[in-house]
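Just follow the structure's listing: the first ligand is 1, and inside any ligand the first atom is 1. Fair warning: this is a prediction, and the values are worked out from it, not measured in the lab.
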Amino acid sequence: MLMNVTFRQLRVFEAVARHLSYTQAAHELHLSQPAVSMQIRQLEENVGLPLFEQIGKKIYLTEAGHEMFRYSRSIAEQLEEAEEVIQQLKGVHRGHLDIAVASTANYFATRLLAAFARRYPGTTFSLDVTNRASLLRQLEENARDLVIMGKPPGDMPLVAESFMDNPLVVVAPPDHPLTREPNIPFERLARETFVVREAGSGTFIAMERFFEEHGIRLATGMELTSNEAIKQAVEAGLGLGIVSIHTLELELEAGRLAVLDVEHFPILRHWYVVHREGKRLSPVAQTFREFVLGEAAGFVSAGALGSG
Ligand code: PGA
């Protein structure tokens, strides 16, 4: 019965028929010669006719063998074509990437996406920019392909891989008296008022923990929900701010804000690319994950960190 023919039998047959040699076919397919003979025997049983005949030391295709050779070639070609189509579907060329990033990560995330889009044209993106608390909710709901955030909590089943430093620094308006002081003692910050990010932000949590660890009460004047708002408020003289160096590229370049030289600073955080444990990443998400882990630091240090 031809219905019982396997692709493996056809593949072995095609090689033997092409070489007219069991030995050469075995060599090409990295099989032993008995394994090749067995596949051919089984195929002949399924077909119900001999496919080769041996005359002296040489083998020849029988009439049935010639017919099977023709079909096995066209089946192999069809399979190769199917393989190509499937690879394209699996590939990143037509993929859609759905990611969410911490507000602070947005300062480099768009640059990363642009570089990724140049390398894999045809990829489309959705990017949600939001704070830590909202990212944790999205992870809980498995709502995105990937999330880029500060250190995720230990009590959720996540895969989190760190790819870059995220130093948090103290910023002041350029005319603030502390901008002229080197090695400002940490306790000196107790006399300053801070404008801070919202309680659900990673930046605020890191800052609060840091002050606690060093035994100083953080005096907060104003709570703002974006890094841009913090920078504006600091510029306007509403207090000092603590933000990631990644947010400061333009302000430092333009001299609109200054980084203070405070003892124990910067607060060292890291960026992580994160997804739920056990999640099946789409090919484009998998490719983006590798891209971030391998190359993100390179893109960013050329920009945001270069001016620090
Ligand atoms: P945030 O996250 O934008 O919510 O502050 C950044 C971080 O976790 O460091």
*asked:* When you group the ILVMFWY residues by side-chain heavy-atom contacts below 4.5 Å and let the links chain together, are V12 and L2 in the same group?
replied: yes
_Within ligand 1, which atoms have a heavy atom of G150 less than 4.0 Å away?_
8 (O)
*Can you pull out the closest protein heavy atom to atom 7 (C) of ligand 1? Residue, atom name and distance to 0.1 Å, please.*
R269 NH2, 3.3 Å
*Check whether any side-chain N or O of T220 sits under 3.5 Å from a backbone N or O of M222 as a donor-acceptor pair, and report yes or no.*
no
*So does E67 pair up with R70, basic N to acidic O under 4.0 Å?*
yes
*Is the shortest side-chain N to carboxylate O distance from E28 to R18 below 4.0 Å?*
yes
*If Ile, Leu, Val, Met, Phe, Trp and Tyr residues are connected whenever their side-chain heavy atoms lie under 4.5 Å apart, and connections chain through other members, are I205 and L139 in the same group?*
no
*Just which atoms of ligand 1 are under 4.0 Å from any heavy atom in S103?*
3 (O)
*Looking only at protein heavy atoms, which one is nearest to atom 5 (O) of ligand 1, and how far off is it?*
T203 OG1, 2.6 Å
*Give the atoms of ligand 1, by number and element, whose distance to some non-hydrogen atom of S201 is under 4.0 Å.*
4 (O), 5 (O)
*Any salt bridge between E192 and R188, counting N to O under 4.0 Å?*
yes
_For atom 2 (O) of ligand 1, what is the closest protein heavy atom, and at what distance to 0.1 Å?_
A102 CB, 3.4 Å
*Pair R73 + E14: basic N to acidic O under 4.0 Å*: yes
*asked:* Tell me the protein heavy atom at minimum distance from atom 3 (O) of ligand 1, and give that distance in Å.
replied: T104 OG1, 2.8 Å
*More than 12 heavy atoms from other groups under 6.0 Å of NE2 on H264*: yes
*asked:* Between ligand 1 and R197, can you find any atom pair, the residue atom being a heavy atom, that is separated by under 4.0 Å?
replied: yes
_Heavy atom to atom 4 (O) of ligand 1, shortest distance: which of P152, S226, G202 holds it?_
G202
*Considering the heavy atoms of N131, write down every atom of ligand 1 situated less than 4.0 Å from one of them.*
4 (O)
*Quick one: does F204 get an N or O within less than 3.5 Å of an N or O on ligand 1?*
no
*For ligand 1, is there an N or O atom under 3.5 Å from any N or O atom of R132?*
yes
*Is it true that V262 and V171 fall in one hydrophobic cluster, defined by side-chain heavy atoms closer than 4.5 Å?*
no
_Between ligand 1 and W271, can you find any atom pair, the residue atom being a heavy atom, that is separated by under 4.0 Å?_
yes
*Could you tell me whether N166 approaches ligand 1 through its side chain, its backbone, both or neither, with non-hydrogen atoms closer than 4.0 Å?*
side chain
